[in-house]
Amino acid sequence: MRDPMTVLTDAFTSFLFGKVETTRLPVRTSTGQAQAVYLPTAAPGLGDSGVIIGREVYSGKGYIYDPFQLYGQQLPAPHWLVLGESGNGKSALEKTYVLRQLRFKDRQVVVLDAQGEDGVGEWNLIAQELGITPIRLDPTAALDMGIRLNPLDPSITTTGQLALLRTIIEVAMGHGLDERSGFALKVAHAYVNETIVERQPVLTDIVEQLRHPEPESAEAMNVAIDDVRAWGLDVALVLDRLVDGDLRGMFDGPTTVGIDLDAPLIVFDLSHIDRNSIAMPILMAIVGVWLEHTWIRPDRKKRIFLVEEAWHIINSPFVAQLFQRLLKFGRRLGLSFVAVVHHLSDVVDGAAAKEAAAILKMASTRTIYAQKADEARATGRVLGLPRWAVEIIPTLTPGIAVWDVNGNVQVVKHLITETERPLVFTDRAMTESSSDRLADDALRAAELEAEERAAYMEQHAG
């Protein structure tokens, strides 16, 4: 029942001004015409300063990303995780990203290249184009004057050397060093550094000292010399593998002269190392500490450390802890760590789940290419992706990925220039390059369609 006063007021208003409500005839139209009623909307971008990646799928806007520009404003950390199955464009993204970053004068990149065919890594072509010789670590070539990295290089602090030796041994043994073995290693390392001054100390010196410890070492701890020798026996056997085993030649001599740590791009070619053997995490540990003490410097350069097949790092607790320390340089010395992984389950279900979780937490940028539905759901749970993003991941076509930049989630198609194309796609990577070429054709078709649509809208705007 309406209020009498309201009825009286409505009647008086209608008498003075006529009927307030009007009756409109219904309009029949198509969805194509009706969409013009709604203004276009799009998620906010990441700014206009940095490296061009491609276009945001739903709005067509250019997508620009640079961890160094965003750090402190939209990013709490400059580290980046790239996920996705083979053949969806991860390799193309990494390579074009590095090439575009190197156009800035204050950028420097190190790549651990674990994939390759025909005797070279897949970054070999880019290195050649830039006039750079990759650092090819190969056990067979190392015996014939190949590349060597010395864990006892004087450019590494004595503390860093001892930490590196412990990491190598723990990775190889699969467990931490006990106090007695650690003491034997510490004593041998200290003696070698004190007595060998006319040349670089090498691993052979450590092994020899572990086998034949000095009496003074035993006396200092009031133990028998035979006990010190027994404590260091397992350590000596592990290090002997680097001296006279399947990894000989790469680490048992002075560091190769001529490695240019000031080059804009440094490529460690690991394609000759068995990715499933214990050699890979040992190698990663040595390279990681060597870079930490020789490459990362407070010189205002912005550095990118890109690691292919990154689960080989994160799956080893000891190496993962080492790389956690490296990631902390991101804030203090401007280092962006880029980890490339096929499946997140390779990491979170591995032996170093705790360390992996800490590393994933530091990666404020996550790029996810197509995955199977069950893998996408698992990835979404771990990374905290919104439901709509999880649902579309299995439907993504090559070259298109979900980007999550500290909660700013967008779908982005990666664009490749004609200049970059011959460097990004190689005949050696036949499986992935064929998929990427199809993706590139699809991207060009999508661009053409977007341009035609924009031209149509502009023509009919009036």
Side-chain angles (χ1 to χ4, degrees), residues 108-114 121 123 127 132-169 171-172 185 188-209 238-273 279-297 299 301 303 305 307 319 322-323 325-326 329 335:
Q108 195 180 30
V109 182
V110 162
V111 175
L112 298 191
D113 182 6
W123 284 78
I132 292 165
T133 302
I135 301 172
R136 187 163 294 120
L137 293 170
D138 181 356
T140 57
L143 296 175
D144 187 24
M145 301 301 292
I147 297 293
R148 282 189 175 90
L149 296 178
N150 184 13
L152 302 178
D153 193 310
S155 61
I156 303 176
T157 64
T158 54
T159 302
Q161 292 175 10
L162 184 57
L164 176 53
L165 291 173
R166 287 186 65 100
T167 300
I168 292 170
I169 295 162
V171 168
L185 177 64
H189 175 253
Y191 181 83
V192 166
N193 272 341
E194 289 172 3
T195 58
I196 299 178
V197 294
E198 71 281 359
R199 59 174 175 83
Q200 282 192 17
V202 293
L203 287 179
T204 306
D205 301 320
I206 300 291
V207 173
E208 183 64 21
Q209 193 56 218
V238 171
L239 292 180
D240 185 65
R241 181 176 180 182
L242 301 180
V243 173
D244 197 29
D246 52 347
L247 296 178
R248 66 190 183 280
M250 291 190 295
F251 312 111
D252 56 342
T255 299
T256 301
V257 177
I259 295 178
D260 185 7
L261 293 177
D262 294 318
L265 175 65
I266 304 170
V267 177
F268 286 89
D269 183 348
L270 314 179
S271 60
H272 287 260
I273 308 296
M280 184 61 79
I282 289 176
L283 183 61
M284 292 293 191
I286 292 175
V287 171
V289 172
W290 192 73
L291 288 174
E292 177 185 345
H293 290 271
T294 60
W295 177 58
I296 302 175
R297 290 166 281 176
D299 54 5
K301 279 193 175 183
R303 291 181 164 86
F305 186 23
V307 183
V319 183
L322 187 155
F323 274 78
R325 189 169 71 246
L326 267 182
F329 284 105
L335 175 69

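Keep in mind it's a predicted model, so treat the numbers as computed, not measured.
Here the options are Val171, Leu165, Ile169, the test is side chain to side chain contact (heavy atoms under 4.5 Å, CB included), and the partner is Val238; only Ile169 passes.
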Verdict with supporting geometry, Phe268 and Leu283, side chain to side chain contact (heavy atoms under 4.5 Å, CB included): CA-CA 11 Å; Phe268 286 89; Leu283 183 61; over 6 Å; no

Test log, rule side chain to side chain contact (heavy atoms under 4.5 Å, CB included), inputs Arg136 and Val267: CA-CA 8 Å; Arg136 187 163 294 120; Val267 177; over 6 Å; no

Trace of the side chain to side chain contact (heavy atoms under 4.5 Å, CB included) decision for Trp295 with Val287: CA-CA 11 Å; Trp295 177 58; Val287 171; over 6 Å; no

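Gln161 approaches Asp153 most closely through the heavy-atom pair NE2-O, 3.2 Å. The shortest heavy-atom contact between Leu270 and Ala114 is CB-CA, 4.2 Å. When all heavy atoms of Thr255 and Gln200 are compared, the pair lying nearest together is N-OE1, 3.4 Å. In terms of heavy atoms, His189 sits closest to Leu152 at CD2-CD2, 3.9 Å. Taking all atoms of both residues into account, the shortest heavy-atom contact from Trp123 to Asp113 is N-OD2, 2.9 Å. Contact between Ala127 and Pro134 at its shortest, heavy atoms only, is CB-CG, 3.9 Å.
Atom CG of Asp252 sits about 11.5 Å away from atom CG of Leu149, to the nearest 0.5 Å. Separation of atoms CG (Asn150) and CZ (Phe251) is listed at 10.5 Å; rounding is to 0.5 Å. Of the inter-residue distances, the one linking Tyr191 atom OH with Ile196 atom CD1 reads 8.5 Å to the nearest 0.5 angstrom. Atom OG1 of residue Thr256 and atom CD1 of residue Ile135 lie 9.0 Å apart, to the nearest 0.5 angstrom. In this structure, the separation between CG on Leu185 and CG on Leu239 is 7.0 Å, given to the nearest 0.5 Å. With rounding to the nearest 0.5 Å, the separation of CG in Leu335 from CD in Gln108 is 10.5 Å.
With a 4.5 Å cut-off on side-chain heavy atoms, Pro264 and Val109 do not count as touching. The shortest side-chain heavy-atom distance between Pro151 and Leu203 falls under the 4.5 Å cut-off. Contact check for Ile266 versus Ile132: no side-chain heavy atoms found under the 4.5 Å cut-off. For the pair Asp205 and Thr195, the minimum side-chain heavy-atom distance is 4.5 Å or more.
A distance-only check finds no donor-acceptor pair linking the side chain of Arg325 to the backbone of Glu292 [under 3.5 Å].
Asp262 has a carboxylate O that lies under 4.0 Å from a charged side-chain N of Arg297, or vice versa, which qualifies the two as a salt bridge.
Side chains of Asn193 and Thr158: a donor-acceptor N/O pair is absent below 3.5 angstrom, by distance only.
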